[in-house]
Amino acid sequence: MIQNEEKRTPFFIGISFIAVIISLFDFRMLPFDTAWVAIFLCGVPIIKGAVIGLVTEFDIKADVLVSIALVAAIIIGERFAAGEIALIMALGAYLEERTVAKARAGIEKLVSLTPATARVIRNGEEMIMPAEQIRLGDTLRVLAGETIAVDGVITKGQTSVDQSVMTGESLPVDKGEGDEVSSGTVNQFGTFEMRALKVGEDSSLQRMIRLVESADAGKAKIVGLADRWATWIVVFALLTAVATWLFTGEVIRAVTILVVFCPCALVLATPTAIMASIGNATKYGILIRQGDALERLAKVKRIAFDKTGTLTHGHPAVTKIRSFVSISEEELLEIAASAESLSEHPLGKAIVSYYKREKGKKPDAPESFCMIPGRGVYGEIGGTKVYAGNEALLSENGIFFGGEISESAEGERADGSTVIYLGIDGITAGYVVLSDTLRPDAAITVKQIQNSGMKTVLLTGDATQAAAHIAGSVGITDLHSNLLPEDKLNAIANFTARGEAICMVGDGINDAPALKAAQVGIAMGGIGSDIAIDAADIVLVGDDIKEIPHLLHLAKKTTKTIHINIAASLLLNFAAIALAIPGLLNPVLGALVHNAGSVAVIIHSSMLLNWRKH
């Protein structure tokens, strides 16, 4: 039904445009005035909507005055004026609908993340049951690759959990007995058992769904300027028309006033400017999903950034190799890549990818291989026993740690990096450092934003050390780390309560509530999740954050253009009224004059298409 409506409206507008042109030049191609076509196709829906709103809710909008002018023009036989008014108003409404798109919360996608079933152990037997039937205290078994159904604590086993849904962290987190896990996160490796602590509506994922819903409902919707002033416009227009009729005794002058007072240019002032700006933004890989987002963005005082996937690339990369024995760093890399060549862990894959890029070939596979969940990997390479993983892996296999190695590795971790130790034939030979690398344009983008007078803040679920390193690298001093989705939402709410309109830039599912709640939400379109994109007002299609400063300047330019459009359209209306009162304008000429105002607004707005601040 909605799709049919979307197709029918532009078709009706096109037919009405042709009909109005034929009526203007009086071609006499048909036995009736073709303006009636525009009146029926475009005018009747306007009148119907105005009457329904007036009767059911006493809602006085701009279409009330339009309807009065339409009916008055028809009564005195000025059908062209009526058809032209109907056409312009229908075009304005259509542009408004196309521009101010309906918000799509992405709730359905969030719900789909919750597994429908879970493996529950009762009376020593494993059974698969619907997730909603899990009770508090139940024991669940989670296999590798499965999504965790409820919040709980691990009671048996070790694993690595991808919890980017909740925290945005780019790397899986090692978990063991006593560690807590959240619903919606994914078990990467190994099987573990857990005890359910929060089930049903109390689980983390269900709480986040409610956060997104409430954030969407709490965001104020901007009302069109013509509708905001509609009551006063209607009253003033009617009083002026009636007074003119009473003092001059000529009803045609009163109708002319109603015709020229129709807020066509006022209705077009905002959507035409925004449509042009949307076209401008598209050239720079920016998709504006919410038409009023630019108006809101012009009022923003602070930009909040997520870290992982926004200021950084969102995936680990090798940044350093350190050897503490006679083996060279190149040889150490080759051994590490060979040991990790069969690994499915993101860190192992990152080491292999780095080796391929540096050497231009695949590493040799180990003769034997074993993956140890939550620890690392073991492999035999040319008869040499190699362990690659965390400190626990090496300690559990009797490999000694020297003070120099621990001190050096601690310095790397202080910068937010992850360290993979390499134990070769019973000794700690060195380590490989991996980190989520900064986007090349991140620092200059933040500086340009700050130079424009806006404040910046980092809101991230990552640990403080990693967050502080990235914040320092890009020049952000206001840092909030270890944040869950509700914490980010609360941070946005706190800034808003202090009177600081804030824009949130993020990419992950955990950013969705904050993207919804912010004055404007900007999502990364390439690396970002579908849910974050659905929650955002604006999408950076190619993850190109360096275009954010242009977007901010474009928002201010768009707002300025809208204000000029409004001022010019009101000035023209009042000038036309001044000419209509003494009878210098008739309804047809008045319709053409106020149509010229609509054209002027469209031309002025179109200048935004190729605008860019130099």
Side-chain angles (χ1 to χ4, degrees), residues 105-169 171-217 372-375 461 482-490 508-514 516 529-532 534-535:
I107 300 299
E108 298 84 1
K109 292 192 178 78
L110 269 176
V111 172
S112 70
L113 290 176
T114 308
T117 60
R119 302 172 189 275
V120 179
I121 301 174
R122 288 180 183 169
N123 302 320
E125 293 185 10
E126 179 184 308
M127 61 187 78
I128 297 178
M129 64 169 57
E132 60 268 19
Q133 294 181 13
I134 299 172
R135 299 195 298 259
L136 202 65
D138 271 346
T139 298
L140 280 69
R141 179 173 289 142
V142 185
L143 306 185
E146 291 184 342
T147 301
I148 300 169
V150 297
D151 293 9
V153 61
I154 295 178
T155 56
K156 183 179 179 182
Q158 295 173 338
T159 187
S160 294
V161 177
D162 177 358
Q163 50 189 35
S164 58
V165 166
M166 301 306 299
T167 66
E169 292 172 286
L171 302 176
V173 178
D174 293 336
K175 299 280 187 179
E177 292 180 13
D179 290 331
E180 293 185 354
V181 289
S182 300
S183 60
T185 59
V186 181
N187 178 25
Q188 294 284 81
F189 314 102
T191 299
F192 67 87
E193 292 180 7
M194 60 175 283
R195 185 174 69 255
L197 297 180
K198 292 180 181 179
V199 299
E201 294 298 313
D202 293 329
S203 69
S204 299
L205 190 61
Q206 291 300 320
R207 286 203 313 274
M208 186 157 70
I209 290 171
R210 291 198 299 276
L211 287 174
V212 174
E213 289 174 326
S214 62
D216 184 42
I372 307 162
R375 295 293 186 265
N482 293 308
L483 302 183
L484 292 173
E486 52 261 48
D487 298 325
K488 289 187 178 183
L489 182 63
N490 290 334
I509 295 170
N510 65 307
D511 296 319
K516 267 292 182 195
S529 74
D530 289 345
I531 293 165
D534 280 342

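Side-chain atoms are counted along with the backbone in the values below, which use heavy atoms only and exclude waters and symmetry mates. Quick note: residue numbers are just sequence positions, from 1. The model shown is predicted, which means the values in this text are computed figures rather than measured ones.
Taking E177 as the reference, nothing meets the side chain to side chain contact (heavy atoms under 4.5 Å, CB included) condition, with sequence neighbours excluded. Listed by chain and residue number, R122 satisfy the side chain to side chain donor-acceptor pair (under 3.5 Å) test with D138 (two or more places apart in sequence, or in another chain). E193 pairs by the side chain to side chain donor-acceptor pair (under 3.5 Å) definition with R141, not counting sequence neighbours. Among residues two or more places apart in sequence or in another chain, the side chain to side chain donor-acceptor pair (under 3.5 Å) test is passed with T139 by none. For Q158, the side chain to side chain contact (heavy atoms under 4.5 Å, CB included) criterion is met by R375, not counting sequence neighbours. Residues meeting the side chain to side chain donor-acceptor pair (under 3.5 Å) test with R135, sequence neighbours left out: none.
Atom CZ of R195 and atom CD1 of I154 lie 12.0 Å apart (nearest 0.5 Å). Taking OG1 of T185 as the reference point, atom CD1 of I148 lies at 3.5 Å (rounded to 0.5 Å). Here the NZ atom belonging to K175 is positioned 8.0 Å from the CD atom belonging to E180, to the nearest 0.5 angstrom. The distance from atom CG of N187 to atom CE of M194, rounded to the nearest 0.5 Å, is 10.5 Å. The distance from atom CD1 of I134 to atom OG1 of T117, rounded to the nearest 0.5 Å, is 8.5 Å.
A pairwise comparison of heavy atoms in S183 and A149 identifies CB-O, 3.5 Å as the closest pair. Nearest heavy atom pair, residue D174 against residue S160, reads OD1-OG, 2.7 Å. Of all the heavy atoms in A118 and L140, the pair that sits closest is CB-CD2, 4.1 Å. Considering every non-hydrogen atom in both A144 and Q188, the closest pair reads CB-O, 3.9 Å. The shortest heavy-atom contact between V186 and G145 is CG1-O, 4.0 Å.
If you check the side chains of S182 and D151, you find no donor sitting under 3.5 Å from an acceptor.
Considering only heavy atoms from C-beta on, V120 stays 4.5 Å or farther from Q133 through its side chain.
Side-chain atoms of K198 never come within 3.5 Å of backbone atoms of V150 as a donor-acceptor pair (strictly under, hydrogens ignored).
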